[in-house]
2 protein chains.
Amino acid sequence: MAKAKKAELDLSTEEKIKEAASIVFTKKGYGNARTRDIAEEAGINLALLNYYFRSKEKLFQIVMAERIDKLFGVLTPVLNDESTTLEEKLEKITESYINMLLENPDLPIFVLSEIRNNPDQLSNRFQARKHLTESVFVKQLMARRSDLNPFHFLMNLLGMNLFPFVAKPVLQPIVGNEEMYRQLMEQRKKLVPAWMKLILDQG
Amino acid sequence: MAKAKKAELDLSTEEKIKEAASIVFTKKGYGNARTRDIAEEAGINLALLNYYFRSKEKLFQIVMAERIDKLFGVLTPVLNDESTTLEEKLEKITESYINMLLENPDLPIFVLSEIRNNPDQLSNRFQARKHLTESVFVKQLMARRSDLNPFHFLMNLLGMNLFPFVAKPVLQPIVGNEEMYRQLMEQRKKLVPAWMKLILDQG
DNA sequence: AAAATATTTAATCATTTGATTAAATATTTT
DNA sequence: AAAATATTTAATCAAATGATTAAATATTTT
């Protein structure tokens, strides 16, 4: 195979494997996922998987980095947008999260449980604090409510948005079927920002 | 060994093993926990573990049932208390949860991720819906706010209380050290009920 | 067509790990 | 002390699973 086509195919197969790995890892977690599962999901065989990625661990690291980006990528651009108000940020974050999580409901529980298993995974945790405390969002928040710890506010926002998905395996059977759960999440796109504004103004 | 002493010791050793299993399973999850870890944690050997409990799976089922009880046991008695107001229930649930979770921070992520791995685990999910919708809590809630879906309200309450612990591996390094995190949680004992009352009255 | 590369097939390794066994030792009960 | 029971020790099994290998086949490039 020549360079051009090679790169093209490599990317395609590599992408297929990464995609499959992402699905299997996210659904089962690292420990319960078998490389044979991933190969099958990708429609290739085990030998090829090890030919592209040297090991399960390496493949996992790549997938994990992507998944973490996906989970927190929703947050960071909005937090630092100078052109939006605090209220608009609440609306944007909520809508982005709920939309993304409706497509990736297993994502939060996967990332959080894997980080629990291996806390070092989050190597940039030092800068995370700095990035957050120096964000436009936190500045706006402190300007408005100097008495309210931004961490509390953020925990509430994330809790309201992420928790229903983290707890979906428990809550969905109680609520009803899949579709009813989706409808509840759709409603929360409007409700969560409204509740958060209450906290912002009077909490 | 005679009956009396036998039962006594059995209980003690069985309890030691269950306690150890609870610790190891909760910290690592089923897939990543090794029976050898559990035996070591219990201060006994692998043979004895399999002598008392026939298999890892059986031991896990027992531990899991206990952990689920611990996680939801906080909720159920308060939800059906006829003698307390809605506001008092919010206060009780929040304080009970935060106190319990400060002692068992890994509990929510463990239970939720294991149920994700094996959704059938929650065999009583049918009655859960009934118990919940017929609870004093939901009746009080609907009497006060017929326009507010109780599931939304419950998701908010649980999200605010449980999510900070579910996300602790991510949030704690950002917030600061262990002690600072604990202080935040202590503050939330007063704050969460206040926020929930806002939602109750004006959301 | 020839060469280069990608992919499959099938077999095999090595390690981990849950589980079992039998014999030895300790502890408790009678 | 004798009997019954609990626990340890050490060895071993069997299955699952991550990983490797070599040869065969398919595909693409030149």
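Chain letters run A, B, ... following the sequence lines, proteins first, then strands; residues in each count from 1.
Close to D:dT8, at under 4.0 Å from its OP1 or OP2, lies a side-chain N or O of B:Asn45. Distances shown here put a side-chain N or O of A:Thr13 below 4.0 Å from the OP1 or OP2 atom of C:dT7. Phosphate proximity of D:dT17 to A:Thr35: absent, as no side-chain N or O sits under 4.0 Å from OP1 or OP2. Of the side-chain N and O atoms in A:Tyr51, none sit less than 4.0 angstrom from OP1 or OP2 of C:dT7.
Distance CZ (A:Phe53) to P (C:dT7): 12 Å, rounded to an integer number of Å. Across the protein-nucleic acid pair, A:Phe25 atom CZ and D:dG18 atom P stand 9 Å apart, rounded to whole Å. For the pair B:Glu40 CD and C:dG18 C1', the interatomic distance rounds to 17 Å; values are reported in whole Å. Remark: P of D:dG18 and CG of A:Leu59 are 11 Å apart, rounded to the nearest angstrom. Taking atom CG of A:Leu49 as the reference point, atom P of C:dT8 lies 11 Å away to the nearest angstrom. Rounded to a whole Å, the CD1 atom of A:Ile44 is 17 Å from the C1' atom of D:dT27. For the pair B:Lys56 NZ and D:dA16 P, the computed distance is 14 Å after rounding to whole Å. Summarising the geometry, the separation between CD1 on B:Ile17 and P on C:dA19 is reported as 13 Å, rounded to the nearest angstrom.
Within 4.0 Å of A:Leu46, counting heavy atoms only, lies at least one base atom of the nucleic acid. If you check every strand for non-hydrogen atoms under 4.0 Å, A:Arg36 touches a base. Note on A:Ala33: only backbone sugar-phosphate atoms sit closer than 4.0 angstrom, heavy atoms only; bases stay farther off.
Nucleotide C:dG18 forms a Watson-Crick or G-U wobble pair with D:dC13, both donor-acceptor distances falling under 3.5 Å. The base-pairing partner of C:dA26, taking Watson-Crick or G-U wobble contacts with both distances under 3.5 Å, is D:dT5.
When each of A:Asn50 and A:Asn32 is assigned the nucleotide of DNA chain D with its nearest heavy atom, A:Asn32 is the one assigned upstream, toward the 5' end.
In this structure, of C:dT20, D:dA6, D:dT20, it is D:dT20 that holds the atom nearest to the side chain of A:Arg54. Proximity note for A:Leu48 (side chain, C-beta onward) versus C:dT20, D:dT7, C:dT8: the nearest is C:dT8.
Cation-pi geometry between B:Lys56 and B:Phe25 is not satisfied (NZ or CZ under 6.0 Å from the ring centre, within 45° of the ring normal).
Side chain of A:Glu41 to main chain of A:Ala21: no donor-acceptor pair is present (N/O by atom type, distance under 3.5 Å, no hydrogens or angles).
Counted by atom type alone, A:Gln183 and A:Gln187 present zero donor-acceptor pairs between their side chains at under 3.5 Å. When only modelled atom types and interatomic distance are considered, B:Arg188 and A:Asn156 share a side-chain donor-acceptor pair under 3.5 Å.
Contact check on B:Lys89 versus B:Asp81 returns no salt bridge, with no Lys/Arg side-chain nitrogen under 4.0 Å from an Asp/Glu carboxylate oxygen.
No hydrogens or angles were tested; on distance alone, nothing pairs the side chain of B:Arg34 with the base of C:dG18 as donor and acceptor under 3.5 Å.
Side-chain rings of A:Phe163 and B:Phe163 stay apart, their centers remaining 6.0 Å or farther from each other.
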